[in-house]
Structures are given as structure tokens and as C-alpha cells.
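Report on the structure given below.
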Amino acid sequence: MFETIHWSVYSKASSKQKAMKLFSNFEIAVGTKLNLLACEPYSKGDYNYSIIFTSPLNQNDLSQAVLETVLTHENLVEVGL
């Protein structure tokens, strides 16, 4: 069973508070509670924060798991992923 999707997002947010606001927006876009694993300063390239989290998947079939991952990604892109 495919239970969760693991996400790593690199943000140009100028503060941890703004990075956490972006994470909150992700939860709204996905429509479910996300599990925040880390929100830490990141200094490579143009990015300031690394946000690592999981979202529920709960799919038995691989093709359905891939489809749900793609659809979730589309929702996250709408809010600035």
C-alpha cells in the first residue's frame, strides 16, 4: 500500500514565518492535514528555506498512487510550489 507522499520544497521566503505561511497554503490547496517534517534555512541557489512534509495517499494500486500524486502536485503549483 502507498500510504504517503514525501515532498521537498525549496522556497524563496524571506523568513521562517513566511515559509510556514506557504506550508499552510499547501494544506488549504490539498484540502487535508499535511505532516510537516522540517522547515529549515537553506542557502543553495536562490532559495532561503527547505520545507519537507508528507501528505496522505492511501492507495493500493500503483497507477492510482501516481495519478493522485500528479493531481496533488497540480494543487500545490497553484499556490506557489
Side-chain angles (χ1 to χ4, degrees):
M1 178 170 203
F2 305 95
E3 295 179 5
T4 58
I5 307 169
H6 292 260
W7 301 94
S8 294
V9 176
Y10 301 96
S11 171
K12 293 182 180 182
S14 59
S15 68
K16 186 169 185 174
Q17 181 181 4
K18 289 181 180 179
M20 291 303 298
K21 175 66 175 164
L22 181 61
F23 176 75
S24 295
N25 290 342
F26 291 160
E27 283 188 314
I28 292 167
V30 174
T32 190
K33 179 76 175 150
L34 303 176
N35 181 29
L36 180 65
L37 302 175
C39 180
E40 301 174 338
Y42 185 82
S43 60
K44 294 181 182 175
D46 294 333
Y47 302 101
N48 299 322
Y49 282 88
S50 168
I51 306 168
I52 302 170
F53 59 96
T54 62
S55 62
L57 190 54
N58 300 319
Q59 294 291 335
N60 289 320
D61 181 65
L62 177 60
S63 62
Q64 288 299 314
V66 170
L67 176 61
E68 187 169 330
T69 301
V70 169
L71 294 174
T72 300
H73 178 264
E74 286 180 4
N75 288 335
L76 294 175
V77 167
E78 289 178 10
V79 296
L81 176 64

Query raised in the report: Got a sec, which residues hit side-chain contact (heavy atoms from CB on, under 4.5 Å) with Glu40, two or more places apart in sequence or on another chain?
Result: Ala38
Query raised in the report: Quick one: does Asn48's side chain have a donor or acceptor within less than 3.5 Å of a partner on Lys12's backbone?
Result: yes
Query raised in the report: Should side-chain heavy atoms under 4.5 Å link Ile, Leu, Val, Met, Phe, Trp and Tyr, which residues sit in the same cluster as Leu71?
Result: Leu67
**Report entry** Thr69 and Phe2, any side-chain heavy atoms less than 4.5 Å apart
**Finding:** no
Query raised in the report: Can you list the residues that meet the ring pair (Phe, Tyr, Trp, His ring centres under 6.0 Å) rule with Tyr47, with sequence neighbours excluded?
Result: none
Report task. For residues 15-26, pull every pair meeting side-chain hydrogen bond (donor to acceptor under 3.5 Å, both in side chains), keeping only residues two or more places apart or in separate chains. Result -> Ser14-Lys18
Query raised in the report: Where is the tightest heavy-atom contact between Tyr42 and Tyr49, given as atom of each residue plus distance?
Result: CB-C, 3.7 Å
Query - Nonpolar side-chain network containing Ile28, other nodes, edges under 4.5 Å - result: none
Query - Smallest separation among heavy atoms of Leu36 and Met20, with atom names - result: CD2-CE, 3.4 Å
Requested in this report: Indicate, with yes or no, if Leu37 and Leu76 share a hydrophobic cluster defined by side-chain heavy-atom contacts under 4.5 Å among Ile, Leu, Val, Met, Phe, Trp and Tyr.
Outcome: no
Query raised in the report: Linking I/L/V/M/F/W/Y whenever their side-chain heavy atoms sit closer than 4.5 Å, directly or via other members, would Phe23 and Val9 fall into one cluster?
Result: yes
Using residues 50-59 as the side-chain source, report each donor-acceptor pair under 3.5 Å to any protein atom, sequence neighbours left out, with the distance given to one decimal.
| unit_1 | atom_1 | unit_2 | atom_2 | d |
| --- | --- | --- | --- | --- |
| Ser55 | OG | Trp7 | NE1 | 3.0 |
| Gln59 | NE2 | Glu68 | OE1 | 2.8 |

Query raised in the report: Between atom CG of Asn60 and atom CD of Glu3, what is the distance when rounded to the nearest 0.5 Å?
Result: 9.5 Å
Query - Closest approach of Ala19 to Cys39 (non-hydrogen atoms, all atoms of both residues) - result: CB-SG, 3.8 Å
